[in-house]
Amino acid sequence: MLLTREKAEFYLKDLETPVGRAINLTIAGLVLLSSGIFVAETYEIPELFRLQLNVIDTVIFVIFALEYILRLWSAENKLKYLVSFYSIIDLMAILPFFLGAVDISFIRLLRWFRILKLIRFIDKKNLFSSISTEDGVIFVRILFTLFAIIFVYSGLIYQVEHPVNPQGFATFLDALYFSIVTMTTVGFGDVTPISELGRGLTVLMILTGIALIPWQVGDLIKRLVKTVNQVETICSGCGLAFHDADAGFCKRCGTKL
């Protein structure tokens, strides 16, 4: 069957048909697998196992590269796609593969941004068939945003500090601990960066923690309180499942409950 540009664009965005769902769930799974491989490589593991992980990661890189090329080819407005948020994230996910032979240390840092590729799927309500409300999707999105911020910062600070401070940042878990302590502004001080870039990242962590974390957690709490105060009454017009306890009409379509 000939793959047309329209079909490729449809299936890369679709989460309702079996083919579209299979493609996008596979990509999401590869993102998680790739992130897990990088975490595993920060620990002392047998050399043979490390080589096997490198082979798997290279295959994932190739798949991501083909995905990016396919998305670019199938995009109706290629320039708009190239400058879009998702395109930039996709490009950052594959850039280290193409520049692997170049000795540019900061290129390795881009590997950790691959986890952000999952944002594309968090935005798709159909991916979470067990979540029946828009608030539920927003709830998942907030949790993932918090996780992604901490994960990316942990990966960045690990790759910056581990070569110069292997005692303080021996594994990804050490970097994760430092990121959480820093971004929550607890600041125990038992682990500290010694490089200039590491200190710069720490400043960004603190600013992110002050500006973003309370906002996201506050929004999360509001969503939880709102959900608790709602009752399950399925609207006959649009199917919205949860409404305020005293609601007489659906807030989405206006149908009488």
Side-chain angles (χ1 to χ4, degrees), residues 1-38 56-99 110-149 151-152 223 234-242 250-255:
M1 183 176 66
L2 181 64
L3 180 65
T4 64
R5 187 189 63 79
E6 291 77 12
K7 284 184 179 179
E9 184 179 25
F10 173 77
Y11 284 126
L12 286 171
K13 295 179 179 179
D14 172 61
L15 284 171
E16 295 184 359
T17 66
V19 175
R21 184 179 285 267
I23 291 173
N24 284 284
L25 286 178
T26 298
I27 294 172
L30 290 176
V31 173
L32 293 175
L33 177 60
S34 174
S35 301
I37 289 174
F38 281 127
I56 296 174
D57 196 49
T58 300
V59 172
I60 294 174
F61 260 129
V62 172
I63 294 174
F64 285 165
L66 292 175
E67 178 209 358
Y68 179 81
I69 294 171
L70 198 57
R71 287 185 185 276
L72 179 60
W73 170 71
S74 63
E76 185 175 354
N77 188 331
K78 292 179 173 51
L79 181 60
K80 182 179 179 180
Y81 172 74
L82 283 173
V83 298
S84 67
F85 171 76
Y86 292 130
S87 173
I88 293 172
I89 294 300
D90 290 341
L91 184 60
M92 293 175 71
I94 64 174
L95 199 57
F97 176 74
F98 292 109
L99 300 179
L110 300 180
R111 301 187 305 177
W112 297 93
F113 285 91
R114 273 191 278 183
I115 196 69
L116 297 180
K117 282 171 65 69
L118 289 176
I119 293 178
R120 174 183 281 115
F121 306 103
I122 299 297
D123 284 341
K124 305 291 186 180
K125 186 177 185 295
N126 292 328
L127 185 62
F128 304 97
S129 56
S130 60
I131 300 177
S132 58
T133 66
E134 188 67 28
D135 284 342
V137 177
I138 294 174
F139 179 81
V140 172
R141 193 178 302 157
I142 292 172
L143 286 178
F144 175 76
T145 300
L146 293 173
F147 163 75
I149 292 170
F151 183 90
V152 171
R223 293 288 172 182
I234 299 177
C235 173
S236 60
C238 67
L240 186 64
F242 290 89
C250 177
K251 62 183 178 181
R252 177 184 290 173
C253 67
T255 302

More than 12 heavy atoms of other residues, nucleotides or ligands under 6.0 Å from CD of E76: is that the case?
no

So, for [X] and [Y], which heavy atoms are closest and what is the spacing to 0.1 Å?
X	Y	answer
S236	T255	OG-CG2, 3.6 Å
I27	R71	CD1-NH2, 4.2 Å
N24	L12	OD1-O, 3.1 Å

With the side chain counted from C-beta on, respond yes when [X] and [Y] share a heavy-atom pair under 4.5 Å apart, and no when they do not.
X	Y	answer
T26	I63	no
I94	D90	no
F64	E67	yes
Y81	W73	no

Spacing of Y68 atom OH and L82 atom CG [to the nearest 0.5 Å]:
5.0 Å

Just how far is it from atom CZ of F61 to atom CG of L66, taken to the nearest 0.5 Å?
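It comes to 13.0 Å.
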
Just to verify, what does F151 make a ring pair (Phe, Tyr, Trp, His ring centres under 6.0 Å) with, not counting sequence neighbours?
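Partners of F151 under the ring pair (Phe, Tyr, Trp, His ring centres under 6.0 Å) test: W112, F147, F172.
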
Is S35 reaching over with its side chain to a backbone N or O of V31, donor-acceptor style, under 3.5 angstrom?
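Yes: the side chain of S35 pairs with the backbone of V31.
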
With sequence neighbours left out, what residues match L32 under side-chain contact (heavy atoms from CB on, under 4.5 Å)?
I115, L118

Could you pull out all residues at least two apart from I88 that satisfy side-chain contact (heavy atoms from CB on, under 4.5 Å)?
M92

